[in-house]
Asks: 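Starting off with a structure, shown below.
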Amino acid sequence: MQPELETPVRVRFAPSPTGYPHLGNIRTALFNWLFARHWGGKFILRIEDTDVTRKVEGATETILDSLRWLGLNWDEGPYFQSQRLHLYHEAADKLLKKDHAYLCYCSPERLDIMRREQMKRKQPPKYDRRCRYLSQQEKKQLETSGITPVVRFKTPFEGETTFHDLIHGSLTFKNNTLDDFILLKSDGYPTYHLANVVDDHSMTISHILRADEWLSSTPRHMLLYQALNWQPPQFAHLPMILGPDRAKLSKRHGATNIADYQKQGYLPEAMINFLVLLGWSLDDRTELLSQEELIKHFSLERVSKTAAIFNKDKLEWVNGVYLRKLSPEEFVQQAMPFLDRDLPPSVKRPLDSGYTHQVMPPIQERAKTLAEVSQLSDFFFLDELQYDTQLLLSKSIEPTQATQIIQVALQRLEAVKLWNTTSLEDILRPLAAELNLSTGKFFGLLRVAITGRTAAPPLFQTMAVLGKERCLKRLSEALQRLCSFNQNSKT
RNA sequence: GCCCCCAUCGUCUAGGGGACUAGGACGUCAGCCUUUCAAGCUGAAGACAGGGAUUCGAAUUCCCUUGGGGGCGCCA
């Protein structure tokens, strides 16, 4: 599998700008990139914009942005097929001249009707090759008819096409199951098959690493290489990434665009680590690999043949691991834009950097994505806490008792001079005993009063960061809540 | 309908004739730690799709069946 020494590794990522790149596209890009980096070859970017009707504005820029975000830097390109039309016409002319192709005047309507009927008769939908058998006279007539023809390939009727795939091994297709596919459309643009073969040849691509969905068009491509008398590259068809319903990944699977993952606060390193494990493994235990390790160890031999189902839970786990590996400074830096974006507008901007640094350490341990950060930490930033007063009343604490407890706590805390994690613990822990309460009950009550929720970072640390003033204010507010709650329940 | 690919725990995978009582990870469950949550630690449940064949021996090789996926466009 080691590339021949005389053929330098040149691989390409060739998306079409008809939508935003999804996980599968990016995984293909990643494998190509890793393969190039591993062998010291070139990673080439080519935009296959030959379908004028499906072109999506901004898609190319999104593709480039996504690759940049992930650090999948390219060495050449992006090339645009729409700017290379002369190459495809040249090849089509060559094929026409060598009698490997012919002009076809059939209308899309005729082809459509034909296909429908074939389907109805449960037959494989194939072009009937009508224009392949046109008489000289018919040809002349059609030439002057004003119809712009397409160019079709003359697929051999007999024989079979065999090629070697680096992942699947030797594969054979019977030629009579293929039809005369179109090379050049009537708008002058090439189809995928022609453009792909021409470009891979002219860019001296050494290995084609693409998704399995292309496997069945490979014999067509082989036939083209033969007809053009070109040496084909090596093929490696990568397993597909499927949605949880086992179907090809698409919009209805929710977030499949790679850009969405950026917005949701996944780190590019985590994304890469996760994606590489979808179809490749180092051994029987390694889950976490750095970029350097990936480049060092990546090989097609360890690419699996089976399609993988995208598993979001594992992605979240990987991302959590990478998030926790960040230094506190790096984490704050990464989290800032998300806080700025997601915290309620009532929190004044710009955010206090020093304060945010104090808040983030316990959040870093808990966040699976950066988008969760604001949600996990908003009570540190908010002036007014919104929560259900019921939270102050656990099964075992009565409203009057809760009121008393908070009053006592408030009293003691008001007197505190040195406000830090240890001093708070030194005061509150004995107080639990004094009140004859379990720490769980006591701290739990205070936690709700201080944070407005039952699950939060450690209490003393939280209080220390919030500061004395804010804590006392929140305790008073809790008392008020209990007060009005008592009145309401009396009436 | 035709052609092609694929088949190990729910999911990602290790496995290339004996090292398999089938290993790891996510998730799940239980316990520990603990002021809650998270993290961490320990443990548990959990798979070779089925049937033939080859072989002293098969998750591993071959065949069939079944299941899943992909392709069959003037889309890529």
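Predicted model, so just to flag it, every value in this text is computed and none were measured. Residue numbers begin at 1 in each chain, while the letters A, B, ... track the order of the sequences.
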Asks: Looking at every strand, decide which applies to A:Trp280 at a 4.0 Å heavy-atom threshold: base, sugar-phosphate, or nothing.
Replies: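 The answer is nothing, as A:Trp280 stays clear of every strand by at least 4.0 Å.
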Asks: Compare the minimum distances between each of B:U11, B:G69, B:C75 and the side chain of A:Asn311, then state the nucleotide with the smallest one.
Replies: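 Of all the options, the side chain of A:Asn311 is nearest to B:U11.
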Asks: If we call it a pair only when both distances are under 3.5 Å in a Watson-Crick or G-U wobble match, what pairs with B:C2?
Replies: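 Per the H-bond distance test, B:G71.
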Asks: Charged N to carboxylate O below 4.0 Å: is that the case for A:Arg110 and A:Asp128?
Replies: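 Salt bridge between A:Arg110 and A:Asp128, a charged N being under 4.0 Å from a carboxylate O: yes.
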Asks: Centre-to-centre under 6.0 Å for A:Tyr322 and A:Tyr266, is that the case here?
Replies: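 Between A:Tyr322 and A:Tyr266, the centre distance exceeds or equals 6.0 Å.
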Asks: Identify whether any heavy atom of A:Ser438 sits under 4.0 Å from a base atom; if not, whether one sits that close to sugar-phosphate; answer base, sugar-phosphate or nothing.
Replies: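 Here A:Ser438 touches no strand at all.
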Asks: Quick one: the side chain of A:Glu213 and the base of B:G69, do they pair up donor-acceptor inside 3.5 Å?
Replies: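 Between B:G69 and A:Glu213, which were checked side chain against base, a qualifying N/O pair under 3.5 Å is absent.
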Asks: Applying a 4.0 Å non-hydrogen cut-off, can you work out what A:Thr306 is touching in the nucleic acid: base, sugar-phosphate, or nothing?
Replies: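 Sugar-phosphate contact only.
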Asks: Are A:Asp179 and A:Arg132 close enough for a salt bridge, meaning some N to O gap below 4.0 Å?
Replies: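 Salt bridge flag = no for A:Arg132 with A:Asp179.
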Asks: Hey, would you say the A:Phe460 and A:Phe443 ring centroids sit under 6.0 Å apart?
Replies: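 Yes, close enough.
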Asks: Taking only the P atom of each, what is the distance from B:C5 to B:G23 in whole angstrom?
Replies: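 Roughly 32 Å separates the two P atoms.
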Asks: Counting only Watson-Crick or G-U wobble pairs whose two distances fall under 3.5 Å, which nucleotide matches B:A25?
Replies: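 Across any shown strand, B:A25 pairs with B:U11.
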Asks: Please determine whether a side-chain nitrogen or oxygen atom of A:Thr50 lies at a distance below 4.0 Å from atom OP1 or OP2 of B:A76.
Replies: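 Yes, because at least one side-chain N or O of A:Thr50 sits under 4.0 Å from OP1 or OP2 of B:A76.
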Asks: In terms of side-chain heavy atoms of A:Lys185, which of B:G73, B:G69, B:A76 is nearest?
Replies: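 Selected nucleotide: B:A76.
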Asks: At 4.0 Å (heavy atoms only), tell me whether A:Thr18 reaches a base, stays on the sugar-phosphate, or touches nothing.
Replies: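 A:Thr18: no heavy atom of the nucleic acid under 4.0 Å.
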Asks: Let me know, please, whether A:Met119 or A:Lys441 comes out on the 5' side of the other along RNA chain B by nearest nucleotide.
Replies: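 That would be A:Met119.
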Asks: For the residue pair A:Tyr133 and A:Tyr102, is the inter-centroid distance of their aromatic rings smaller than 6.0 Å?
Replies: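 Between A:Tyr133 and A:Tyr102, the centre distance exceeds or equals 6.0 Å.
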Asks: Nearest of B:U13, B:C4, B:U11 to any side-chain atom of A:Ser304?
Replies: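 The answer is B:U13, which lies nearest to the side chain.
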Asks: Do any N or O atoms from the side chain of A:Lys468 and from the backbone of A:Val416 form a donor-acceptor pair under 3.5 angstrom?
Replies: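 Yes; at least one donor-acceptor contact below 3.5 Å.
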Asks: Mind checking A:Arg324 for me? I need base, sugar-phosphate or nothing, with any heavy atom below 4.0 Å counting as a touch.
Replies: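 Here A:Arg324 touches the backbone only, sparing every base.
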Asks: Compute the centroid of each ring, for A:Phe181 and then for A:His221, and state whether the two points are separated by less than 6.0 Å.
Replies: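 Not close enough - the centres of the two rings lie 6.0 Å or further apart.
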Asks: OP1, OP2 of B:G71 versus side-chain N and O of A:Ser217: anything below 4.0 Å?
Replies: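 It does not, given that no N or O in the side chain of A:Ser217 lies less than 4.0 Å from OP1 or OP2 of B:G71.
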Asks: Let's see if you can work this out: which of B:A25, B:G70, B:U36 has an atom nearest to the side-chain heavy atoms of A:Lys248?
Replies: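 Within the option list, the nearest is B:G70.
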Asks: Where the side chain of A:Pro124 is concerned, which of B:C26, B:C2, B:A14 is the nearest nucleotide?
Replies: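 So the side chain of A:Pro124 is nearest to B:C2.
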Asks: With RNA chain B as reference, determine whether A:His193 or A:Ala308 sits nearer its 5' end, using the nearest nucleotide of each.
Replies: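 Looking at the nearest nucleotide for each, A:Ala308 comes out on the 5' side.
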Asks: Roughly how far apart, to the nearest Å, are B:U66 and B:G50 at atom C1'?
Replies: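 Pairwise C1' distance, B:U66 against B:G50, rounds to 7 Å.
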Asks: Does the side chain of A:Arg285 get closer than 4.0 angstrom to OP1 or OP2 of B:U13 through an N or O atom?
Replies: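 For B:U13, OP1/OP2 do not have a side-chain N/O of A:Arg285 under 4.0 Å.
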Asks: Quick one: do A:Glu287 and A:Lys314 make a salt bridge, cutoff under 4.0 Å?
Replies: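 Salt bridge present between A:Glu287 and A:Lys314.
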Asks: Give A:Ile309 one of three labels, base, sugar-phosphate or nothing, depending on what nucleic acid heavy atoms sit under 4.0 Å from its own.
Replies: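 Sugar-phosphate, no base atom in range.
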Asks: Looking at A:Ser216, I'd like to know whether one of its side-chain N or O atoms comes within less than 4.0 Å of OP1 or OP2 on B:C3.
Replies: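 For B:C3, neither OP1 nor OP2 has a side-chain N or O of A:Ser216 closer than 4.0 Å.
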Asks: B:G73, OP1 or OP2 - any side-chain N/O from A:Arg152 closer than 4.0 Å?
Replies: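 Result: no.
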Asks: Which part of the nucleic acid does A:Arg246 contact within heavy-atom distance under 4.0 Å: base, sugar-phosphate only, or nothing?
Replies: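 Sugar-phosphate, backbone atoms only, no base.
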Asks: Return the residues of residues 427-435 of chain A meeting this criterion: a heavy atom under 4.0 Å from some atom of RNA chain B. Order them by number, or give none.
Replies: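 RNA chain B contact set from residues 427-435 of chain A: A:Arg429.
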Asks: Taking the C1' atom in each of B:A53 and B:G15, what is the distance between them to the nearest angstrom?
Replies: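 Approximately 23 Å lies between the C1' atom of B:A53 and that of B:G15.
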